[in-house]
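A quick write-up on the structure given underneath.
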Amino acid sequence: MEAKLGKVFESITNFFTGADQIPWCDRDIVAGCEQEVHEAEKGPSDEFKNECIMRLSWALVHSRQTEDVHRGIAMLESSLDSTTSPLKLREKLYLLAVGYYRSGDYSRSRELVEDCLKIEPEWRQAQSLKKAIEDRIKKDGVIGIGIAATAVGLVAGGIAAAFARRK
């Protein structure tokens with residue numbers, strides 16, 4: 001019984017806090033990845049440089065800083081056209097979906113995660129992100145309905161008060 005009650009409270013808390021299972025990335029990790037990319041640009045290996053750029057993109061879209069997230073989105077979008085490997089494309093689409101999710105563009109995020117799932121239908125990370133997106137869209141809808149209902153109630157209360165004053 002106690003475990004069930006704990007799950008109920010956890011689900012209510014998650015609803016109001018917007019908790020999800022997507023990891024966050026600290027600024028020091030972003031800085032480390034930036035340094036790694038800078039050093040890789042001096043080296044002869046394009047493959048190593050591309051790996052460093054992917055790690056930086058991952059760190060940026062998982063950052064708590066909005067400007068980092070937008071920078072990660074821009075980096076990933078600019079590299080999409082040159083991606084030939086389905087595995088790399090899937091990863092870039094997923095990271096873009098995370099970035100758009102973090103920036104609040106849930107419809108674009110859902111489109112991208114669905115593209116990921118077309119490439120790899122059983123990919124659990126993409127399935128989890130899709131569920132988080134759908135939960136967030138539902139939550140925003142419920143909050144929107146609550147705001148609309150409150151507004152209607154206030155207007156109706158104002159009209160009722162105006163009629164009461166007239167009499």
Side-chain angles (χ1 to χ4, degrees), residues 3 6-7 9-144 147:
K7 284 186 179 185
F9 284 124
E10 180 182 338
S11 118
I12 291 170
T13 302
N14 287 345
F15 178 81
F16 286 108
T17 62
D20 56 50
Q21 302 301 317
I22 302 167
W24 290 101
C25 187
D26 295 327
R27 187 71 193 122
D28 58 334
I29 294 173
V30 171
C33 289
E34 288 171 334
Q35 180 65 33
E36 188 179 65
V37 168
H38 180 69
E39 291 172 10
E41 287 175 342
K42 297 174 188 173
S45 172
D46 282 342
E47 185 176 333
F48 179 66
K49 184 175 114 178
N50 289 337
E51 288 174 18
C52 293
I53 290 171
M54 279 300 291
R55 279 194 291 277
L56 175 58
S57 298
W58 184 95
L60 289 170
V61 298
H62 286 87
S63 174
R64 294 183 186 273
Q65 307 298 317
T66 305
E67 59 274 3
D68 286 346
V69 173
H70 290 295
R71 206 173 79 179
I73 289 170
M75 284 176 64
L76 288 161
E77 284 183 338
S78 70
S79 70
L80 267 183
D81 291 336
S82 63
T83 306
T84 56
S85 161
L87 180 64
K88 297 255 188 229
L89 178 63
R90 177 194 79 166
E91 289 180 16
K92 288 181 181 182
L93 290 171
Y94 174 78
L95 290 176
L96 273 170
V98 170
Y100 280 110
Y101 176 80
R102 290 283 191 228
S103 65
D105 189 347
Y106 304 121
S107 60
R108 180 72 177 130
S109 181
R110 183 171 39 187
E111 289 172 18
L112 290 163
V113 82
E114 286 173 354
D115 289 345
C116 283
L117 290 169
K118 286 177 188 170
I119 296 169
E120 183 68 42
E122 300 301 316
W123 193 22
R124 289 195 188 268
Q125 268 185 295
Q127 291 171 345
S128 294
L129 178 57
K130 185 176 180 182
K131 182 179 180 337
I133 294 165
E134 290 170 352
D135 290 348
R136 190 61 189 239
I137 290 170
K138 285 179 199 171
K139 176 187 169 194
D140 286 356
V142 168
I143 290 171
I147 291 170

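All residue numbers refer to positions in the sequence shown, counting from 1.
Residue E67 places its CD atom among more than 12 non-hydrogen atoms of other residues, nucleotides or ligands, all under 6.0 Å distant. Around the CG atom of D28, the shell of radius 6.0 Å holds more than 12 heavy atoms that belong to other residues, nucleotides or ligands.
No donor-acceptor distance shorter than 3.5 angstrom exists from the side chain of S63 to the backbone of A59, with no hydrogens or angles considered. Listed for the D26 side chain is no donor-acceptor partner under 3.5 Å among the backbone atoms of I29. Remark: the backbone N or O of G99 is paired with a side-chain donor or acceptor of S103 at under 3.5 angstrom.
Between the OG1 atom in T66 and the NE2 atom in H70 there is a gap of 5.5 Å [rounded to 0.5 Å]. In this structure, SG in C33 is found 8.5 Å from CH2 in W58, a value given to the nearest 0.5 Å. Atom CD1 of residue I73 and atom OG of residue S109 lie 9.0 Å apart, to the nearest 0.5 angstrom. Atoms CE and CE, from M54 and M75 in turn, are 9.5 Å apart once rounded to the nearest 0.5 Å. In this structure, the separation between SG on C116 and NZ on K92 is 12.5 Å, given to the nearest 0.5 Å. Remark: R108 CZ to R110 CZ distance equals 13.0 Å, nearest 0.5 Å.
The closest side-chain heavy-atom distance from L56 to E36 is not below 4.5 Å. Residues K130 and E134 form a side-chain contact, since some pair of their non-hydrogen atoms from C-beta on lies under 4.5 Å apart. Side chains of Y100 and Y106 form no contact here, defined as non-hydrogen atoms less than 4.5 Å apart. Side-chain contact check for R102 versus I22: some heavy-atom pair is nearer than 4.5 Å. Residues H62 and L95 are in side-chain contact: their nearest non-hydrogen atoms beyond the backbone lie under 4.5 Å apart. Using a 4.5 Å heavy-atom threshold, the side chains of L80 and L96 count as touching. Residues Y101 and R136 meet the side-chain proximity criterion, which asks for heavy atoms closer than 4.5 Å. Proximity of V113 to I133: side-chain heavy atoms (C-beta onward) are separated by under 4.5 Å at one or more points.
For R71 and E34, the salt-bridge test passes: some basic side-chain N is under 4.0 Å from an acidic carboxylate O. Salt-bridge formation is not detected for the pair E41/K49: no Lys NZ or Arg NE/NH1/NH2 atom is positioned less than 4.0 Å from an Asp or Glu carboxylate oxygen. One finds a salt bridge joining R27 and D68 here, because a Lys/Arg side-chain nitrogen approaches an Asp/Glu carboxylate oxygen to under 4.0 Å.
Among all heavy-atom pairs drawn from W123 and L117, the shortest one is O-CD2, 4.0 Å. A pairwise comparison of heavy atoms in C25 and V30 identifies SG-CG2, 4.2 Å as the closest pair.
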Intermediate values then yes/no, side-chain contact (heavy atoms from CB on, under 4.5 Å), V69 and L60: CA-CA 5 Å; V69 173; L60 289 170; over 6 Å; no
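For the residue pair K88/T83, the side-chain donor-acceptor check at 3.5 Å is not satisfied.
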